[in-house]
Amino acid sequence: QDSVSAVSGSSFPSGDIKEDGVKGMPEGALPERTDELKAPMVELLTFSLSNEEYAIRVEEMLEIVRFHKMTALPEAEPSLTGIVSLRGKIVPVLDLSMRLSLSKKKAQTDGVKKRHMLMIRGSKGPIGIIVDRVILVLRVQASEVLAPPSHLSDSEVRFIEGVVVSGGRFISILNVREVTALDLKT
């Protein structure tokens, strides 16, 4: 019996519910929550990028906005697509597929493509990242987040915080601090 029912904020196997309470417990008493339910949870926003699934932690998100026209910056690093004005603030925007070396072409800045921008918390303020498609918010136990493969070099995994397997799919969780670290020329 794998199903779980919620009653007054507590969860327990549905087969143990009877009209006057839980088997073996006084009426009105609630069972202790299992260790599995007490485990810390991680919420991830998943998205597609170059036909792969990636995620960032929800607490690093500010908002999702439709892809719109950007102003290009001269002599900027290749993954820095440009800047946008978002509610009166100027925000730099990264082409995530270029940043992760998944594509060598810069995203179009005219808004023709149906892509989205995720506004995330960067080390120096909001920063936008361009993704192909937002998929869903995934909730997993922290223990389900696996470390990146240890046989890869530091440069190969610097953008990856961890990996989650969900529904038979591997989802790489991005290290937002590394992804948004820009080497801006002064």
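The chain is numbered in sequence order, starting from 1. What you are looking at is a predicted structure, and each value in this text was computed from that prediction instead of being measured.
Atom-to-atom distance recorded for L62:CG and M117:CE is 13.0 Å, nearest 0.5 angstrom. The CG atom of L45 sits 11.5 Å away from atom CD of E59, with the distance rounded to the nearest 0.5 Å. For the atom pair OG1 (T71) and NZ (K69), the distance works out to 7.5 Å, reported to the nearest 0.5 Å. Here the CG atom belonging to D132 is positioned 7.5 Å from the CG atom belonging to N51, to the nearest 0.5 angstrom. A distance of 10.0 Å separates CG in L136 from CG in L44, rounded to the nearest 0.5 Å.
Inspection of the S50 and E52 side chains reveals no N or O donor paired with an N or O acceptor under 3.5 Å.
Using a 4.5 Å heavy-atom cutoff, the side chains of V176 and I127 are not in contact. By the 4.5 Å heavy-atom criterion applied to side chains, L73 and I83 are counted as neighbours. The side-chain heavy atoms of S48 and I135, taken from C-beta on, include a pair separated by under 4.5 Å. Considering only heavy atoms from C-beta on, M70 stays 4.5 Å or farther from V91 through its side chain. In this structure the side chain of M41 reaches within 4.5 angstrom of the side chain of Q141, judged on heavy atoms. Using a 4.5 Å heavy-atom cutoff, the side chains of Y54 and L102 are in contact. The shortest side-chain heavy-atom distance between I173 and I56 does not fall under the 4.5 Å cut-off. Considering only heavy atoms from C-beta on, L80 stays 4.5 Å or farther from V93 through its side chain.
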Test side chain to side chain contact (heavy atoms under 4.5 Å, CB included) applied to L174 and F47, step by step: CA-CA 11 Å; L174 297 179; F47 54 89; 3.8 Å; yes
Candidate pair M61 and L118, rule side chain to side chain contact (heavy atoms under 4.5 Å, CB included), full reasoning: CA-CA 7 Å; M61 280 292 307; L118 306 181; 4.1 Å; yes
Intermediate values then yes/no, side chain to side chain contact (heavy atoms under 4.5 Å, CB included), I129 and D95: CA-CA 6 Å; I129 57 174; D95 182 334; over 6 Å; no
Verdict with supporting geometry, V58 and V137, side chain to side chain contact (heavy atoms under 4.5 Å, CB included): CA-CA 8 Å; V58 168; V137 172; 4.0 Å; yes
Ignoring hydrogens and angles, write down the donor-acceptor pairs under 3.5 Å from the side chains of residues 159-169, residues two or more places apart or on other chains.
from, atom 1, to, atom 2, distance (Å)
E161, OE2, R57, NE, 2.5
E161, OE2, R57, NH2, 2.6
R169, NE, E53, OE2, 2.5
R169, NH2, E53, OE1, 3.4

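With S79 contributing its side chain and L94 its backbone, the two residues share no donor-acceptor pair below 3.5 Å. Judged by distance alone, with hydrogens and angles left aside, the side-chain atoms of R99 form a donor-acceptor pair with the main-chain N or O of V179 at under 3.5 Å.
The pair R121-E60 fails the salt-bridge criterion, with no side-chain N (NZ, NE, NH1 or NH2) lying under 4.0 Å from an Asp/Glu carboxylate O.
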